[in-house]
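What follows is one structure encoded as structure tokens, with my remarks underneath.
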Amino acid sequence: PGGVFFWGGPLSGLFPVWAAAAEVRRNFAKCEVIYYVSASYAEAHTHAQHELVEYYGVSAEPDSLEMATVLLESARNVATISAACERIQEDVLGIIKTNLIAEHILEIEHQYMYHLVK
């Protein structure tokens, strides 16, 4: 019979390695998405807390019990999500941040080349 035969053939030992590598990539991608969403959520809530007081408040502090309740709930959500971000393994977090910086540098270079050619 022709073709590549995985099960029992000469390449059968590669399948578990390939499957494990694919699983690691999926888990990393999942951690990366969770980190980006969580960090963005915390940043947006922190920004919104300040904007809420500035827009609706008379002073730099909450003017009503309702506003204080909303701000406290938001602060608790930020604390919870920040704690979840801290539980991401340090080496995974380092890779995520390195990827983010690399993507940013590539975007800067892309814009530079675009304006150079233009």
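- Between E73 and the options L71, N77, V70, a side-chain contact (heavy atoms from CB on, under 4.5 Å) holds for only N77.
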Enumerate donor-acceptor pairs with a distance under 3.5 Å from any side-chain N or O in residues 102-112 to protein atoms, sequence neighbours excluded.
residue	atom	partner	partner atom	Å
E107	OE2	Q111	NE2	3.0

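- Under the 3.5 Å distance criterion, the side-chain polar atoms of T46 are matched with a main-chain donor or acceptor of A42.
- In plain terms, the two heavy atoms of Q49 and S74 that are nearest each other are NE2-OG, 2.8 Å.
- Remark: S64 engages E66, M67 in a side chain to side chain contact (heavy atoms under 4.5 Å, CB included) (not counting sequence neighbours).
- No side-chain heavy atom of E43 sits under 4.5 Å from any side-chain heavy atom of H47.
- Grouped with L65 in a hydrophobic cluster is no other residue, since no side-chain heavy-atom contact under 4.5 Å to another Ile, Leu, Val, Met, Phe, Trp or Tyr is found.
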Below 3.5 Å, can you tabulate the donor-acceptor pairs from side chains in residues 32-41 to any protein atom, sequence neighbours excluded?
residue	atom	partner	partner atom	Å
E32	OE2	Y36	OH	3.4
S38	OG	I34	O	2.7
S40	OG	Y36	O	2.8
Y41	OH	H45	NE2	3.2

